[in-house]
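A quick write-up on the structure given underneath.
Owing to the predicted nature of the structure, the values given are computational and were not obtained by experimental measurement.
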Amino acid sequence: MDKYVVIDLETTGHTPIQNDKIIEVGIVTIENNEITNTFSTFFNPERKIPPFITNLTGISDDDVAEAPLFKDKADEIAKMFADGYLIAHNVPFDLGFLNEELAAQNKPRLTNPVLDTVELARILYPQAPSFKLGQISHYLNIYHDDPHRALSDAYVTAKLFLKLKQKLESLPYETIDGLLKLEKTLKSDIYPLLYKQHKKLAFSTEIDDDIMVFQGLAFKKFSDKKSEQTKVNVSFGEYLDAIYEENGTLPLQMEHYEKRAEQREMSEAIFDAFQSHKHALMEAETGTGKSLAYLLPAVYEAVNQKQRIVISTYTTQLQSQLLDEEIPLIQQLVPFPFKVALLKGKRHYISLEKFAHEMSLEQTDNYDVTLTKAMILVWLTETNSGDIDEIQLPSSGYLFFKRVCVDAEGYADPASPWFQKSFYQHARRQAQKANLIITNHSLLCTDIFNDYQFLPSYDKAIIDEAHHFEETASKHYGLKLDYASIHYRLNQIGSTEENNWLGGLLAQYPVDPNESFLLNWNTIFQQTKYEVDDLFRFLFQYVLDQQRKQKSYSDIGRIQYRFENGKEQAGHWKVVKEMTTRLTFYFRDLIHILAQLEQMIESRQGLDKNDKEAIQSVMETIQHLIDQLEQLFLLEDDSQDVKWIEIDANGAKNAVYLYSEPVAIAGSLAKDFFDRKQSVVLTSATLTMKQSFSFIQNRLGLTDERLITKKIQSPFAYGDQVQLMVPNDFPDVRMGNSEDYIYSVCESILSLAEITQGRMLVLFTSYDMLRKSYNVLKETMDLSTFMLIAQGISSGSRSRLKKNFVHYDRTILLGTSSFWEGVDIPGEDLSCLVIVRLPFEPPDHPIVQAKSDRLKNDGKNAFMELSLPNAVIRFKQGFGRLIRSANDRGIVFVCDARLIKARYGKYFTDSIPDVPITFDSTINLIEKANEWF
């Protein structure tokens, strides 16, 4: 069957069973890999087209008023699909609508074999940034002039399918073979295409020079370039002159280049810190170009001194951004070659051995796991790094990846034939040869607290987004445990009768399931699950009972309760200890049975290396759970740690989350890190409060003797670009007027949105207030005029919500927690920033409470030493969302009058750039905003 019929529909909504109708159809026919026919028509849906659909598609009620009804064209459309595949970008949507309309006319439903280009694109182009039609077509250089119109979208989908077919025909035999094993669970009827290619390649002896095949798996060969011995023949000043100054490489490389004296100032300050073997705190305000500013001296120092320098960022996404965007520019700017390596933790890298083992098993997977395996099979023929962050797996695909990542390998055996083929080991080898190693705070802290076992040795480091460094380090000293993760781990192991790890293991070896110790396993395993459930349900109720009068909430709405083992109510807490002790006994019994099983199989016939590692890994996992439970509930409390419980009051009665973190880590960081390194430069846009670094300096344990501090001013003309407005007539939320306060916030949002045409980011400090505001706005605003997006309510990740914000005109985005920073929306896409409350952390948050208690015990003012500095730094992060380029312009509307009226308000306003501030009635502020725009 070589006929492919591509369809795209425009409809009045998403659900045909709710009387949504087709308003336009576009059909493209492909034969012999050529587009041979096209068809399109409007349909009269006999109902009004919603304004949102008209805005999206441009199709109005007038366009369809004289159009035929679907029944007039039903037979003609059905005939087009005879003897062909049906192709669509998200087949269930288009085929569902089409079949509902056919059924309504008593016509037979279409039963063609289908090919879904969303699914096929995910498999065949796994590294694409998005699989929406517009984004994937742009990624593959397929363009059309009329998106969200049926024929244009169908034409692009047809072109996309031809690209996908071409890609499939380029894959190695082993990859096609692997896909054939998976295709039954896929939605697309892809077997004929795979079989045809499989047969074609079966007798071929050609192998791509870039591809290696080992034990039935095809993957890309490593490209190891020899390191060049480089000499630097210029002074650092001459080096910077040749880059920054007139006729330098930077003006030549960048269009519309404007020299930033602040950028060079930062480069020079970092070089001075390196030369004097001192640490440095450097605040580089927005617009400095700090990535370039710190990379240039890092490259010069590393190559000139033949020393590795570590660059650490807050997230793995920022790591990739440095490697993919900043490093290529640096390579164009500097007059000598240098080598860069990116290194992440083991859980990011795929284990080829583990994946090959999973592919060899005869088992039926759910759809997400099958799709994940298919994506990985193709990705392995393309990736140089083996870093799973290169692709977007389906949600439960990441659970599968945990089984096949390097972290699941246990001990790495250099004698194994897989060792030299390991992506992780390759990344480590590349890091050993590199001048710069780009890592993240998490791996850096893991390295520090494991006596430097993970990163190659280094003496100098640059830590970007340094305001997060203490927080990351604290988490590495602490622990996190929850019911869902324990339950997931136990279900992965399973009983002897289940189709999971243990059942699969026993099926491979002649083990009698009636062995006495195995009969005990099932009983003990079920009792262990019962005890876990019982403990977490008891903890859930315990927190509710303790917090009936006064409740504290996390920023995502969970109830929090801080506990201390020696100070809890004796009766109830005694029960917690008894239940925990009993649970650890059951866990130990499971370990003992697994040890017996391992010994028995080994003595009778020998144990496969992968299976032996798997047993050891399961035993270590269970032991780790024992250690965590004992640390939380059975060991005497250390005054250095704070422990707390969070529960989701609206969730399951065992939805409990357990945490432990140190109250302070300044001493540990000083001893384990700063005292052992020659020079560590810590930089961020937000390190100071009222021009002082003392807060961050004390929190990190940095001493004056070896410290340089530097504040790099922004080159932006904030006074001309920003208006800061604060209303003086809002209800006082502290006087129990929270509902009135929310209404005032929402009224201001709507008034400002009319002026700025949406393009508004609203930052909350409380998820509860965000949710209530969203409900008020949804009821009062015209949703056909504005798009309302809310974190935690609208579906999607933070990056997805940001993309939607930029994609749609007239959008209002409500965010909390992570939206206060790291959201970069330059230009006209963001014209108004609303800050609902000054971002003080809740004083009853367990960590804040514990740190405050410690400061009070030391005779210090917890508000001035902790709460205020944290709030100011957070406020600066939020303020920085608005102006991201020299041409940006907008309003910052702060609903909290404490910014002006409170004695500490000056700490906030003196910590941001100098901008005009207006403190007036809401009516007057709205009028001024209207005049300003």
Side-chain angles (χ1 to χ4, degrees), residues 260 262-263 265-267 269-270 273 278-298 309-319 321-322 326 438-442 444-445 460-475 665-666 669 673-674 679-702 707-716 718 817-824 839 841 868-884 907-908 910-913:
R260 303 178 188 177
E262 298 84 1
Q263 198 171 39
E265 180 187 357
M266 183 175 178
S267 295
I270 291 172
K278 289 187 175 183
H279 305 311
L281 287 169
M282 294 191 186
E283 181 173 270
E285 291 183 351
T286 305
T288 303
K290 64 181 169 66
S291 299
L292 186 69
Y294 66 63
L295 285 170
L296 287 173
I309 292 182
V310 167
I311 311 288
S312 180
T313 66
Y314 179 43
T315 64
T316 55
Q317 289 79 12
L318 290 171
Q319 269 185 275
Q321 184 178 313
L322 277 180
E326 306 294 345
I438 300 176
T439 188
N440 55 74
H441 296 355
S442 181
L444 180 68
C445 291
K460 298 183 177 80
I462 295 173
I463 298 177
D464 199 356
E465 300 298 313
H467 60 285
H468 282 297
F469 190 55
E470 181 202 4
E471 169 196 349
T472 304
S474 293
K475 283 181 169 57
I665 58 164
L669 281 176
F673 186 47
F674 294 116
S679 180
V680 179
V681 176
L682 301 107
T683 184
S684 166
T686 53
L687 291 178
T688 65
M689 180 181 75
K690 212 173 182 182
Q691 318 306 318
S692 170
F693 288 93
S694 59
F695 170 69
I696 195 75
Q697 179 182 343
N698 293 333
R699 297 302 304 172
L700 293 175
L702 291 160
L707 184 66
I708 296 171
T709 59
K710 187 82 173 176
K711 184 171 172 60
I712 311 293
Q713 301 292 335
S714 172
F716 296 158
Y718 275 94
S817 75
S818 60
F819 274 84
W820 281 78
E821 58 179 295
V823 179
D824 191 358
E841 294 177 294
L868 183 60
N870 274 332
V872 169
I873 287 173
R874 193 74 163 160
F875 180 78
K876 289 170 68 177
Q877 285 286 341
F879 181 88
R881 297 312 94 214
L882 183 65
I883 303 299
R884 309 301 293 174
Y907 283 90
F908 290 90
D910 288 353
S911 298
I912 59 174

Inset, instruction - Specify whether His441 and Phe469 have parallel, tilted or perpendicular ring planes, treating 30° as the upper limit for parallel and 60° as the lower limit for perpendicular. - result: perpendicular
Inset, instruction - Output the distance between atom CD (Gln697) and atom OG1 (Thr709), rounded to the nearest 0.5 Å. - result: 7.5 Å
Inset, instruction - Report the distance from atom CG of Leu322 to atom OG of Ser312, rounding to the nearest 0.5 Å. - result: 10.0 Å
Inset, instruction - Measure across Ile708 and Ala273 and return the closest heavy-atom pair with its distance rounded to 0.1 Å. - result: CD1-CA, 3.8 Å
Inset, instruction - Kindly determine whether Lys290 and Glu465 satisfy salt bridge (charged side-chain N to carboxylate O under 4.0 Å, His left out), including the steps that lead there. - result: CA-CA 11 Å; Lys290 64 181 169 66; Glu465 300 298 313; 3.3 Å; yes
Inset, instruction - Measure the shortest side-chain to side-chain distance between Pro913 and Phe879 over non-hydrogen atoms and say whether it is less than 4.5 angstrom. - result: yes
Inset, instruction - Using a 4.5 Å cut-off on heavy atoms from C-beta on, say whether the side chain of Thr686 contacts that of Phe875. - result: no
Legend entry - Sub-4.5 Å side-chain heavy-atom contact between Ile873 and Met689: no
Legend entry - Carboxylate-amine/guanidinium proximity below 4.0 Å for Lys710 and Glu265: yes
Inset, instruction - Sequence neighbours left out, what passes salt bridge (charged side-chain N to carboxylate O under 4.0 Å, His left out) with Glu285? Give chain and number order. - result: Lys711
Legend entry - Lys278 backbone acceptor or donor facing Ser679 side chain under 3.5 Å: yes
Inset, instruction - Before accepting this row, confirm whether a basic side-chain N of the pair Arg699/Glu471 lies closer than 4.0 Å to the acidic partner's carboxylate O. - result: no
Inset, instruction - State whether the side chain of Gln263 and the backbone N or O of Gly289 hold a donor-acceptor pair below 3.5 Å, judged by distance alone. - result: yes
Legend entry - Close side-chain approach of Ile463 and Leu444, heavy atoms under 4.5 Å: yes
Inset, instruction - Indicate yes or no: at least one non-hydrogen side-chain atom of Leu868 is less than 4.5 angstrom from one of Phe908. - result: yes
Inset, instruction - Measure the spacing between NZ of Lys460 and NE2 of His279 and express it to the nearest 0.5 Å. - result: 11.5 Å
Inset, instruction - List for me each residue that meets salt bridge (charged side-chain N to carboxylate O under 4.0 Å, His left out) alongside Lys876, sequence neighbours excluded, and say none if there are none. - result: Glu283
Inset, instruction - Count the heavy atoms of every other residue, nucleotide or ligand shown that sit under 6.0 Å from OH of Tyr907, and state whether that count exceeds 12. - result: no
Legend entry - Residue pair Ile309 / Tyr294, side-chain heavy-atom distance below 4.5 Å: no
Inset, instruction - May I ask you to decide if Leu318's main-chain N or O and Thr315's side chain share a donor-acceptor pair within less than 3.5 Å? - result: yes
Legend entry - Inter-residue atom distance Leu700.CG - Leu281.CG, 0.5 Å rounding: 7.0 Å
Legend entry - Nearest-0.5 Å distance, CD1 of residue Ile270 to CD1 of residue Ile462: 5.0 Å
Inset, instruction - Taking the side chain as every heavy atom from C-beta outward, state whether Phe674 and Leu707 have any atom pair closer than 4.5 Å. - result: no
Inset, instruction - Return yes if some donor-acceptor pair links the side-chain N/O of Thr683 with the main-chain N/O of Asp464 below 3.5 Å, else return no. - result: no
Legend entry - Side-chain heavy-atom pair Leu682, Ile696 within 4.5 angstrom cut-off: no
Legend entry - Atom pair CG (Asn870) and CD (Glu841), whose distance is rounded to the nearest 0.5 Å: 4.5 Å
Legend entry - Arg874 side-chain N/O to Trp820 backbone N/O, donor-acceptor pair under 3.5 Å: no
Legend entry - Test side-chain contact (heavy atoms from CB on, under 4.5 Å) applied to Leu292 and Thr288, Leu295, Leu296, the passing residue: Leu296
